[in-house]
2 protein chains.
Amino acid sequence: MSAVADTIRNGVDTGQMFATLDLIKDQPELAKFQFRATNRWIGGAHNRSTIKGFYAAGGEDTTRGEAFEIDAGEPAILLGTDTGANPAEYLLHALAACLTTSIVYVAAARKVELTSVESTLTGDMDLRGALGVDPEPRNGFERIGVSFRVTGNAPEEKLRDVVARAQKRSAVYDMVTNGVPVVLEVATG
Amino acid sequence: MSAVADTIRNGVDTGQMFATLDLIKDQPELAKFQFRATNRWIGGAHNRSTIKGFYAAGGEDTTRGEAFEIDAGEPAILLGTDTGANPAEYLLHALAACLTTSIVYVAAARKVELTSVESTLTGDMDLRGALGVDPEPRNGFERIGVSFRVTGNAPEEKLRDVVARAQKRSAVYDMVTNGVPVVLEVATG
């Protein structure tokens with residue numbers, strides 16, 4: 001019992017973490033993952049994504065019992081009825097969640113026990129871009145501000161190093177800052 | 001009643017849409033929006049974003065009654081307990097939702113009545129990047145595939161034009177393909 005308990009830090013099984021790292025170093029083909037979402041329009045600004053299956057470590061995942069159903073919407077000022085957070089807000093959530101989990105995992109690997117991780121994200125947008133009324137502003141956020149507050153049983157410098165390492169390794173931070181090639185196909189009828 | 005009903009297409013009030021466009025053309029400062037998310041670590045890979053307030057059209061929004069609470073997690077193979085979709089999956093959801101709403105709004109503006117909008121998104125990732133075991137693969141998705149199926153009361157070419165215009169104007173598509181500057185601050189203790 002205590003040997004198992006010793007490997008859990010910040011709610012992360014560091015024994016499993018290091019075993020996974022070793023396995024992937026030995027067999028890099030196991031590092032190939034594919035995540036997926038299917039989305040269906042419901043009406044107006046309301047649509048819903050279903051997220052369940054993914055490919056991981058050489059095969060299709062069988063551990064996820066139920067699909068996640070995630071509703072998107074827009075507030076009234078953007079012609080919706082607030083059926084969910086809007087897509088740009090979900091992007092902020094994706095970024096916050098990925099940085100947070102990265103901080104928690106890096107801290108666990110470095111024997112730092114965290115007490116709290118909180119963040120506030122802001123995204124500034126000039127809606128003239130997305131509305132197409134002016135060619136100058138871009139469609140998306142001009143900038144995103146991320147403000148973290150992290151506490152734990154380590155000196156300030158070590159906590160800052162954990163955040164810096166997490167920022168360097170976060171999948172969504174990489175995508176949001178550097179962009180990703182997107183290939184879009186359309187079928188009609 | 002019928003005058004009001006005539007302005008609703010695809011669940012979108014096109015009268016309000018065109019009024020909004022005219023207003024923003026006249027007063028570009030009303031186009032400044034800020035969206036926000038706050039996130040709190042719960043344990044392990046489990047964290048939760050709270051999304052409510054935003055700045056829009058010259059003031060702080062007062063129309064949203066309740067906050068959206070959105071849980072993130074990781075599946076077992078990524079050391080979590082499946083407390084929610086994972087951050088990279090939320091990024092796919094954000095992209096799917098934004099493209100879908102853009103399609104619906106563009107169609108409404110162009111007098112196209114849609115019957116269905118469905119999409120499947122895939123994101124391919126080599127986990128060696130995010131795990132830091134190999135400097136070569138990037139952290140995030142190497143590519144994202146988006147496959148739309150759109151049906152409605154318009155010829156195929158017009159439906160394809162709607163999707164192409166939506167792709168050109170989507171806020172999240174812009175951010176995911178082109179990237180966004182992110183400024184990250186950290187406080188400890």
Side-chain angles (χ1 to χ4, degrees), chain A residues 11 31 33 35-39 41 43-45 47 49 51 56 63 68 72 76 85 87 89-94 96-98 100-101 117 119-123 125-128 130 139-141 143-144 146-149 156 159 163 171-172 174-175 178-182 184-188, chain B residues 11 31 33 35-39 41 43-45 47 49 51 56 63 68 72 76-77 85 87 89-94 96-98 100-101 117 119-123 125 127-128 130 139-141 143-144 146-149 156 159 163 171-172 174-175 178-182 184-188:
Chain A
F33 277 57
F35 294 109
R36 306 177 195 123
T38 60
N39 184 284
W41 175 51
N47 62 72
S49 289
I51 293 177
T63 66
F68 299 111
E89 291 171 324
Y90 274 112
L91 183 127
L92 295 180
H93 164 62
C98 194
T100 298
T101 298
V117 183
S119 57
T120 299
L121 284 77
T122 58
M125 185 182 289
D126 186 326
L127 214 67
R128 289 177 296 168
N139 303 337
F141 293 138
R143 67 180 287 284
I144 294 174
V146 180
S147 177
F148 266 100
R149 183 172 167 274
E156 174 170 353
L159 290 174
V163 175
V172 175
D174 167 28
M175 293 192 274
N178 296 316
V180 184
V182 176
L184 193 149
E185 296 173 350
V186 188
T188 59
Chain B
F33 277 57
F35 294 109
R36 305 175 197 126
T38 60
N39 184 283
W41 175 50
N47 61 71
S49 289
I51 293 177
T63 66
F68 299 111
I77 196 166
E89 291 170 324
Y90 274 111
L91 183 127
L92 295 179
H93 164 62
C98 195
T100 298
T101 298
V117 183
S119 57
T120 299
L121 283 79
T122 58
M125 186 182 289
L127 213 68
R128 288 178 296 168
N139 303 337
F141 292 138
R143 67 181 287 284
I144 294 174
V146 180
S147 177
F148 266 101
R149 182 172 168 273
E156 173 171 354
L159 290 174
V163 175
V172 176
D174 167 28
M175 293 191 274
N178 297 316
V180 184
V182 175
L184 193 149
E185 294 172 352
V186 187
T188 58

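Per chain, numbering begins at 1; letters A, B, ... match sequence-line order.
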For this session: With a 4.5 Å cut-off on heavy-atom pairs, point out which of A:S119, A:A76, A:G43 contacts chain B the most.
Result: A:S119
Exercise. To the nearest 0.5 Å, what is the distance between CE (B:M175) and CZ (A:F141)?
Worked result: 4.5 Å
For this session: Test side-chain contact (heavy atoms from CB on, under 4.5 Å) on A:V163 and B:T188 and set out the steps.
Result: CA-CA 10 Å; A:V163 175; B:T188 58; over 6 Å; no
Seminar exercise, completed: Of the listed B:L159, B:V172, B:V186, B:L91, the one with the largest count of heavy-atom pairs under 4.5 Å with chain A is B:V186
Exercise. Relative to chain B, which segment of A:V182 carries a heavy atom at a distance below 4.5 Å: side chain, backbone, both, or neither?
Worked result: both
Problem set entry | Max heavy-atom pair count under 4.5 Å with chain A, selected residue of B:A45, B:A72, B:S147 | B:A45
For this session: Give the ring-plane orientation class for A:Y90 versus B:H93, where under 30° counts as parallel, over 60° as perpendicular and anything between as tilted.
Result: perpendicular
Seminar exercise, completed: Cut-off 4.5 Å, heavy atoms of chain B, and the answer for A:I51 is side chain
Seminar exercise, completed: Checked B:N39, B:T38, B:N178, B:I77 vs chain A; the most non-hydrogen pairs under 4.5 Å come from B:N39
Exercise. Quick one: of A:A85, A:P181, A:A94, A:A31, who has the most non-hydrogen atom pairs under 4.5 Å with chain B?
Worked result: A:A31
Exercise. Partners of A:R128 by salt bridge (charged side-chain N to carboxylate O under 4.0 Å, His left out), sequence neighbours excluded?
Worked result: A:D126, A:D134
Seminar exercise, completed: Note: vs chain A, highest number of non-hydrogen pairs under 4.5 angstrom among B:A130, B:A56, B:C98 is B:A130
For this session: Not counting sequence neighbours, which residues clear salt bridge (charged side-chain N to carboxylate O under 4.0 Å, His left out) with B:E185? List them please.
Result: none
Problem set entry | Under 3.5 Å donor-acceptor, B:N47 side chain and A:T100 backbone | no
Exercise. Is there a donor-acceptor pair closer than 3.5 Å between any side-chain N or O of B:D174 and the backbone N or O of A:N139?
Worked result: yes
For this session: Go through the atoms of A:F68 and report whether side chain, backbone, both or neither lie under 4.5 Å from a heavy atom of chain B.
Result: side chain
Exercise. Any idea which heavy atoms bring A:F35 and B:L92 closest together, and the distance?
Worked result: O-CD1, 3.5 Å
